[in-house]
Amino acid sequence: MFFHMPEALKERGNQKPFSVQKKSMLILLILVGIGFVIQLVTILSFTKKKEERSFGFSGKLWKNPYGSNLSNPYSEKIALHTHSNEVYFTPERHTIEEIYETYKSFGFSNVAITDYGQISKSDRYDHLTGFEWGQNVKKRHILALGGDYSFSDYFPFYARFENINWVIQKMKDSNAFVILPHPKLNNVYTKKDVMEIDGFHAIEVYSPFGDDPKILDTVLSQGRLVHCMANDDLHYFPEEKVKNFSQPFWKDWIQTLGHQRGRKGESGMRYVAMESGVHSQSAVLQNLFQGNYFCVKKFFREATDPSPPKILIQKDTLVVRGDERYLEIRVIGKAGEILHSSPDTNLASYNLKPEDEYIRLEIIALTGSILSNAIYRSN
């Protein structure tokens with residue numbers, strides 16, 4: 001009788017404590033909740049509203065970014081989007097030395113190392129600098145060339161256009177040339193998206209993840225001056241190059257196990273062509289901002305480099321003159337309309353019309369295709 005215990009207390013005393021699994025689940029839910037709150041705070045805090053737009057190409061004069069030096073060939077090949085092993089996200093990447101020397105063997109004048117989230121530098125090489133922002137699942141990345149600093153991805157799960165605009169402005173504040181890369185990868189930047197995003201200087205129309213020159217017209221048709229970009233987005237070299245690298249045995253083993261060896265890839269096939277003598281960081285950046293370069297895609301790596309033409313505006317006539325005979329020269333206008341086509345020639349002309357706001361060139365050569373930046377009306 002003295003040791004009688006009420007039934008309710010008996011039941012409570014017989015209950016088992018939380019299992020390890022339940023405790024782990026509770027901790028996981030708490031961490032997810034904290035992560036959700038942090039992500040929500042960043043989404044709401046780091047924003048930049050869409051700019052009030054008063055864009056448009058108008059005026060009696062034509063601005064030609066290629067009109068400064070007609071005797072200087074566009075012979076400098078520059079790679080502006082490569083990833084080194086300074087940031088170990090995948091074991092297939094190479095050292096800065098391997099990247100620099102291999103691109104030199106491809107005939108390139110210089111290369112930018114654009115690792116994820118950091119500006120990687122080398123004491124040995126005078127390579128170009130930059131970084132790629134974004135580790136998010138959707139692969140919505142942004143490329144910054146020549147900026148003073150890098151920063152991490154604050155939106156790994158979700159980002160609104162206002163957040164993307166904030167990131168781009170932060171890059172521009174660091175004096176960077178800002179590029180939207182690989183728009184066709186997971187369809188990360190649709191034509192609708194690029195109409196909503198502000199401030200970028202160029203968009204990657206030639207990429208191993210898909211080529212789309214027409215997306216450039218989506219922005220230009222809004223009256224916004226945005227340039228083309230052609231990049232390898234290098235993550236690995238072909239086997240004939242890799243087998244000669246002095247990399248550790250464990251890296252060879254992991255690459256073989258992950259079926260990363262033996263691939264041909266597309267390195268050395270997409271690049272920007274700049275005027276002779278333009279290859280230092282300051283000179284490259286100056287010409288990028290001016291749009292004084294061509295975007296080139298070779299049909300295969302071993303082919304001879306296609307030769308960009310000279311572009312002149314004589315009164316109201318566009319004149320295109322090449323050092324080689326092209327399969328076709330196309331004059332593209334607003335909304336991507338083909339205004340004029342000249343087949344099998346190295347010389348073409350087009351009479352600019354009052355309704356033409358901008359024009360750009362698409363040139364199909366024997367060994368590759370060449371895109372110009374916009375030539376546009378200006379006061």
Side-chain angles (χ1 to χ4, degrees), residues 74 76-85 87 89-116 127-128 130 132 134 139 141 143 145 179-189 202-216 228-245 247 255-256 258-274 293-308 327 362-371:
Y74 285 79
E76 307 286 0
K77 296 167 58 178
I78 310 292
L80 294 174
H81 189 174
T82 70
H83 296 283
S84 78
N85 65 357
V87 177
F89 280 89
T90 58
E92 62 188 350
R93 297 195 192 133
H94 312 295
T95 65
I96 293 177
E97 176 182 351
E98 290 164 345
I99 293 172
Y100 189 90
E101 294 292 346
T102 301
Y103 270 96
K104 283 287 187 178
S105 73
F106 288 155
F108 280 69
S109 304
N110 210 338
V111 55
I113 306 297
T114 52
D115 285 329
Y116 291 106
H127 64 81
L128 310 175
E132 187 167 3
K139 301 287 187 182
H141 298 168
L143 201 63
L145 296 175
I179 303 165
L180 295 187
H182 46 65
K184 294 184 75 70
L185 175 61
N186 298 335
N187 210 26
V188 291
Y189 293 116
I203 186 165
E204 230 173 45
V205 298
Y206 283 157
S207 165
F209 299 106
D211 302 323
D212 188 9
K214 291 184 177 180
I215 198 170
L216 185 62
C228 70
M229 184 51 58
N231 283 324
D232 281 341
D233 197 352
L234 175 83
H235 287 74
Y236 64 91
F237 283 119
E239 175 64 19
E240 63 264 24
K241 294 293 182 180
V242 178
K243 67 183 181 182
N244 295 321
F245 294 162
Q247 56 185 24
Q255 289 173 350
T256 302
H259 303 288
Q260 295 166 345
R261 300 296 292 268
R263 297 177 298 180
K264 185 175 178 61
E266 299 187 17
S267 56
M269 293 176 60
R270 293 172 176 85
Y271 58 89
V272 297
M274 295 194 166
Y293 62 92
F294 290 91
C295 294
V296 180
K297 174 193 173 183
K298 293 174 68 171
F299 296 145
F300 53 98
R301 185 187 300 110
E302 295 78 12
T304 304
D305 298 334
S307 177
L327 299 178
E362 291 186 4
I363 299 169
I364 310 302
L366 186 63
T367 59
S369 57
I370 305 168
L371 299 183

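This is a predicted model, so every value here is computed, not measured.
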Inset, instruction - Could you tell me whether the side chain of D233 and the main chain of H81 form a donor-acceptor pair under 3.5 Å? - result: no
Distance col, row D305:CG vs K298:NZ, nearest 0.5 angstrom, shows 4.0 Å
Heavy atoms of C228 and L216 approach each other most closely as CB-CD2, 3.9 Å
Distance col, row K297:NZ vs Y206:OH, nearest 0.5 angstrom, shows 7.0 Å
Shortest non-hydrogen pair, A79 vs Y103, comes out as CB-CE2, 3.7 Å
Rounded to the nearest 0.5 Å, the CD atom of E98 sits from the CG atom of N85 at a distance of 7.0 Å
Query raised in the report: Would you say the side chain of T102 lies within less than 4.5 Å of the side chain of F245, judging by non-hydrogen atoms?
Result: yes
I want to check something: taking the side chain as every heavy atom from C-beta on, are S307 and Y74 in contact at a cut-off of under 4.5 Å? no
Tightest non-hydrogen contact, residues R301 and G265, listed as NH2-O, 3.4 Å
Scanning both residues in full, the closest heavy-atom pair of K77 with G107 reads CD-O, 3.7 Å
Distance col, row E92:CD vs H83:NE2, nearest 0.5 angstrom, shows 10.5 Å
**Prompt:** Using 4.0 Å as the upper bound for N to carboxylate O, is an ion pair formed by D211 and R270?
**Reply:** yes
Between the CG atom in L128 and the CG atom in L80, the distance rounded to the nearest 0.5 Å is 6.5 Å
Which class fits the ring pair Y116 and H141: parallel under 30°, tilted 30 to 60°, perpendicular over 60°?
perpendicular
Problem - Contact check, side chains of P238 and S267, non-hydrogen atoms, under 4.5 Å - result: yes
Rounded to the nearest 0.5 angstrom, the CE-CZ distance for M269 and F299 is 9.5 Å
Please check if the side chain of T367 supplies one atom and the backbone of T304 the other of a donor-acceptor pair under 3.5 Å. yes
* To do: Begin with the C-alpha distance, continue with both residues' side-chain angles, and end with the deciding distance and a verdict on side-chain contact (heavy atoms from CB on, under 4.5 Å) for I78 and S109.
  => CA-CA 6 Å; I78 310 292; S109 304; 4.0 Å; yes
**Request:** Give a yes or no on this: more than 12 heavy atoms of other residues, nucleotides or ligands lie within 6.0 Å of atom NZ of K184.
**Result:** no
In terms of heavy-atom contacts, D232 and G268 come closest through OD2-N, 2.5 Å
| Can any side-chain N or O of T114 pair as donor or acceptor with the backbone N or O of T82 at less than 3.5 Å? | yes
In short, M274 meets Y293 closest at the heavy-atom pair CG-CB, 3.9 Å
- Query: Any donor-acceptor pair under 3.5 Å linking the side chain of H94 with the backbone of F237?
  - Reply: yes
